Structures are given as structure tokens and as C-alpha cells.
Protein chains: 2
Amino acid sequence: MNEPINAPKPHFFNHTALKKTLDIICGKWRLYIIYQIGTEARRYGELRRMIPEVSEKVLIQELKALVELGVIEKKSYNEVPPRVEYSLTAKTLHIFPHLLELTSIGEAFLNP
Amino acid sequence: MNEPINAPKPHFFNHTALKKTLDIICGKWRLYIIYQIGTEARRYGELRRMIPEVSEKVLIQELKALVELGVIEKKSYNEVPPRVEYSLTAKTLHIFPHLLELTSIGEAFLNP
DNA sequence: CTTATTACTAACCTTTTGGTTAGTTAACTT
DNA sequence: AAGTTAACTAACCAAAAGGTTAGTAATAAG
């Protein structure tokens with residue numbers, strides 16, 4: 001019997017899905033942006049005013065990335081001055097409660 | 001009536017808790033490490049073999065950070081060669097199911 | 001004619017994160 | 001005497017993430 005007695009029995013899990021999760025929620029601003037859009041359509045300038053700490057460049061960059069990921073969608077109206085609205089996709093609205101629940105993880109580690 | 005009709009009504013949430021959540025789960029390796037430790041105590045070398053893609057330096061660095069955050073705890077036995085074991089803290093075991101559920105967010109965005 | 005408005009882009013820089021390689025310690029085995 | 005083992009540390013580097021500042025386009029308002 002050469003079976004090692006205490007050999008590691010690692011957890012197996014879906015790497016691809018986990019990576020996708022991290023893509024969606026990690027980064028300094030992603031979750032804030034998603035939370036602020038919430039259930040309404042928000043104009044770019046509106047989001048800037050709601051999250052004034054983020055730089056313009058990064059906000060646009062993150063909005064683009066979230067569109068790419070299928071988390072939000074962008075609608076441009078052909079007006080001048082421009083009007084662009086961002087809203088959560090159906091998929092995101094579906095898991096939105098999960099996203100709001102994320103704070104509970106941190107809460108568990110706040111008070112000694 | 002000067003109340004703007006469509007003024008942004010942002011979501012309010014616990015910033016501190018959210019930040020703590022992100023501290024715990026973000027980073028290329030943190031969740032993998034937490035998952036691999038799971039419910040058992042794991043030696044450093046064991047973890048290295050379970051996650052061979054991570055560099056030695058980063059693994060140690062992340063273990064240290066997770067200890068700091070109160071996510072894992074470290075026990076050193078005074079032996080030579082050294083023996084050091086890492087395990088999840090009670091707090092972490094408590095929310096471990098939440099952590100395992102994180103993949104479900106990503107899963108929602110995998111298939112079109 | 002000038003200014004304001006909105007949603008951007010471009011160039012550049014700093015900080016953070018992750019990676020590579022080599023060295024250390026102290027006892028045990030050969 | 002030399003090599004092995006485990007869990008590190010130190011010095012250095014590259015890539016990614018985030019930030020600053022300035023500029024643009026099209027129209028309307030003053």
C-alpha cells in the first residue's frame with residue numbers, strides 16, 4: 001500500500017467561471033459603477049457626478065470593459081450635445097441581488 | 001417646485017464592507033488559495049504543489065496578506081526542517097459557502 | 001463671435017501587482 | 001564533508017491598473 005495517507009485533496013471548481021467572476025467584480029470601480037447604474041439607465045455625466053472620485057479616463061475605460069463583458073449596455077442617441085445612456089443587461093439584473101450581497105463577505109471581517 | 005424630476009437616486013451601500021470584500025477576494029490567487037486550504041490545515045509546501053502556477057514569492061506574500069486580513073491563520077511548529085500550517089479562520093469557515101458561490105456570478109456570463 | 005455643453009480620445013506618468021532568480025537556516029541523511 | 005529538506009527573504013524587473021492634463025466635435029444659447 002503505497003497510497004500516501006495525507007495526500008492533498010484539493011477543491012475542484014470551475015476555473016473559467018471563477019475567472020469571469022473576478023473580471024466582473026474586481027478593480028477599484030467596477031462594482032461601484034454597477035451598483036450606481038442599478039435598475040435605471042444612467043447618462044455618462046450622471047455617473048461621473050455619482051462617482052466623482054474616479055477619473056474620467058478610468059470611468060470610460062471601465063464602462064467599455066463592462067459593455068465588453070456583457071454586464072452593461074450602451075445606447076447613444078444622435079443628439080447634440082451627445083446623450084449616451086448605460087444600463088444593466090438582463091443577465092446582470094438577474095444576478096444583481098448576488099452582487100449586492102457581496103458586502104456581506106467584507107462585513108464578516110470588519111469588527112473584531 | 002424646483003425639484004429636478006430625474007435627479008440621480010444612487011444606491012447606498014456599505015463602502016467599507018465592500019472594500020474589505022474586494023481586499024479578500026481580488027487578486028490573481030487569493031480565492032484559489034482560500035479554496036485549496038478549504039476545511040483542512042495545509043502546509044506551505046502542500047499549497048505550492050496544489051497551485052504550482054503561482055510563484056513562491058507571491059504565494060508567501062498572499063498568505064501573509066490573508067493572515068493580516070484575518071482570513072487564514074498560520075501555525076509554526078518548532079521543527080527542522082520547518083513545518084508551517086495554514087488554515088481558514090472561524091470567520092472564513094462561516095462564510096465559506098458564500099465564497100464558493102462566487103463562481104455562479106461568472107457562470108451567468110459564460111454562455112451566450 | 002464667443003462660450004457652454006456632453007461624451008469622449010490621446011499622451012504621458014505613477015503605483016500596484018505579479019514574476020524571476022538566488023540565497024539563508026538548521027538539522028538530518030549519506 | 002556534502003547533500004537534502006522546508007519555508008522562507010532579498011534584490012530586481014515587467015506588466016497592469018489607475019491617474020493627470022489637455023484637446024476634440026457639433027450645436028445651441030447669449
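Protein chains get the first letters and strands the later ones, always in sequence-line order, with residue 1 at the start of each. What you see is a predicted model, and the numbers here were worked out from it, not measured in a lab.
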Euclidean distance, atom CG of residue Leu47(B) to atom C1' of dA6(D) [Å, nearest integer]: 13 Å
Starting at the 5' end of DNA chain D and moving along, which residue's nearest nucleotide shows up first, Pro81(A) or Tyr44(B)? Tyr44(B)
note: Lys64(B), atom NZ; dT17(C), atom P; distance rounded to Å ~ 16 Å
Shortest non-hydrogen contact from Leu22(B) toward Ile25(A): CD2-O, 3.6 Å
Any Lys74(A) side-chain N or O less than 4.0 Å from OP1/OP2 of dA7(C): no
For Glu79(B), report the nucleic acid contact type (base, sugar-phosphate, nothing); a contact means any heavy atom under 4.0 Å. nothing
Within this structure, what is the CG-to-C1' distance between Leu22(A) and dA16(D), rounded to whole angstrom? 15 Å
Taking CD from Glu62(A) and P from dA17(D), how many angstroms apart are they, rounded to a whole number? 9 Å
Do the side-chain N or O atoms of Arg43(B) get closer than 4.0 angstrom to the phosphate oxygens (OP1, OP2) of dA6(D)? no
So Glu40(B) and Arg42(B), side chain to side chain contact (heavy atoms under 4.5 Å, CB included) or not? Walk me through it. CA-CA 6 Å; Glu40(B) 306 185 31; Arg42(B) 298 287 189 191; 3.8 Å; yes
Please report, rounded to the nearest Å, how far the C1' atom of dA17(D) is from the CD1 atom of Ile33(A). 13 Å
Which part of the nucleic acid, if any, lies within reach of Lys57(B) when heavy atoms closer than 4.0 Å are counted: base, sugar-phosphate only, or nothing? base
5′-ward residue of the pair Ser55(B)/Pro82(B) relative to DNA chain C: Ser55(B)
Less than 4.0 Å between a side-chain N and a carboxylate O, is that true for Glu85(B) and Arg83(B)? yes
Need to verify one output field. Residue with the more 5' nearest nucleotide on DNA chain D, Glu56(A) or Ile60(B)? Ile60(B)
Send over the distance from Asn78(A) CG to dC8(C) P, rounded to a whole Å. 12 Å
ILVMFWY cluster, Val84(B) and Val80(B) together (side-chain gap under 4.5 Å): no
So what does Arg48(B) touch, heavy atoms closer than 4.0 Å: a base, only the sugar-phosphate, or nothing? nothing
How many Å lie between OH on Tyr77(A) and P on dA7(C), as a whole number? 12 Å
Assess whether a salt bridge exists between Glu62(A) and Arg30(A), defined as any Lys/Arg side-chain N lying under 4.0 Å from an Asp/Glu carboxylate O. yes
Send over the distance from Glu46(B) CD to dA7(D) C1', rounded to a whole Å. 14 Å
Between dC8(D), dC8(C), dG18(C), which one does the side chain of Tyr86(B) approach most closely? dC8(D)
